[in-house]
Amino acid sequence: MPKIIENVREQLLAEAKKQILTQGYAATTVRSVAGACGLGVGTVYNYFESKEMLIASFMYEDWKKYLSGMRQLSADDPHALLAGIYRALRRFADENAKLFSDADAAKMVAVGSSDRHKMLRDQIAHFVRPICETEFCAAFIAEALISWSMENADFDDVYPLLERITKNTK
């Protein structure tokens, strides 16, 4: 009788994330993730078509948590809104810093990265839109928040310029 394993997908995602963050991209394989979960390699492929999809899936699951938090932010206070988005972006970047700085992983992400970046910018622009007059302004501010959060810039240095941009578009 086959053994029944609860929450296989979640176990695979957690193990893949653990391995990526401790061992790096190259050392993490579908085989190593399957073995650590006590599963056969074929079982992993029942859930994820490749190592890249496994990694993209755990990152997406993490990102959804941050998006949920951004949905709770109010546009009534532009400073609080932008600071909240910035903090979420910083936490996501910090949580995945090992992956973002891994040269082997960078090769994987290069394929299709402009589409993913545009999707990220559009998601952030959606939250910024209420404090901007134009879609371009929202996208511009979203891009600035993404770029400067990845550079670990101090939000207090970034905000005065963003504030001037939003005031000039209203």
Quick check against the 3.5 Å criterion: does [X] have a side-chain atom that pairs as donor or acceptor with the backbone of [Y]?
X	Y	result
Ser68	Lys64	no
Arg129	Cys132	yes
Ser101	Ala97	yes
Thr22	Lys18	yes
Gln19	Ala27	no
Ser147	Ala144	no

Any residue meeting salt bridge (Lys or Arg N to Asp or Glu O under 4.0 Å) with Arg9, in chain and number order, not counting sequence neighbours: Glu61
Pairing residues for Asp62 by the salt bridge (Lys or Arg N to Asp or Glu O under 4.0 Å) criterion, not counting sequence neighbours: Lys17, Lys65
Counterpart residues, ring-ring contact (aromatic ring centres under 6.0 Å, His included), relative to Tyr159 (two or more places apart): His79, Phe155
Sequence-distant partners of Tyr66, ring-ring contact (aromatic ring centres under 6.0 Å, His included), two or more places apart: Phe92
For the [atom1] atom of [X] and the [atom2] atom of [Y], what is their distance to the nearest 0.5 Å?
X	Y	atom1	atom2	result
Ile141	Ile131	CD1	CD1	5.0 Å
Tyr47	Glu10	OH	CD	8.5 Å
Arg121	Ile124	CZ	CD1	11.5 Å
Leu21	Phe58	CG	CZ	5.5 Å
Met59	Leu13	CE	CG	12.5 Å
Phe100	Asp94	CZ	CG	10.0 Å

Are any of the side-chain heavy atoms of [X] and [Y] separated by less than 4.5 Å?
X	Y	result
Ser57	Leu54	no
Leu73	Phe127	no
Leu39	Leu12	yes
Leu145	Val128	yes
Leu81	Ile85	yes

Pairing residues for Trp148 by the side chain to side chain donor-acceptor pair (under 3.5 Å) criterion, not counting sequence neighbours: none
Search all heavy atoms of [X] against all heavy atoms of [Y] and return the closest pair with its distance.
X	Y	value
Asp76	Pro78	O-CD, 3.6 Å
Arg31	Val41	NH1-CG2, 3.6 Å
Pro160	Asp157	CD-O, 3.7 Å
Cys137	Ile165	SG-CG2, 3.8 Å

Worked verdict on Lys98 versus Asp102 for salt bridge (Lys or Arg N to Asp or Glu O under 4.0 Å): CA-CA 6 Å; Lys98 176 88 173 171; Asp102 188 308; 6.0 Å; no
Hydrophobic cluster membership, Leu67 vs Met150, 4.5 Å side-chain cutoff: yes
Side chain to side chain contact (heavy atoms under 4.5 Å, CB included) between Met70 and His126, worked out: CA-CA 10 Å; Met70 286 183 237; His126 170 77; over 6 Å; no
Inter- and intrachain pairs under salt bridge (charged side-chain N to carboxylate O under 4.0 Å, His left out), touching residues 37-51, at least two apart: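 Matches after skipping sequence neighbours: none remain.
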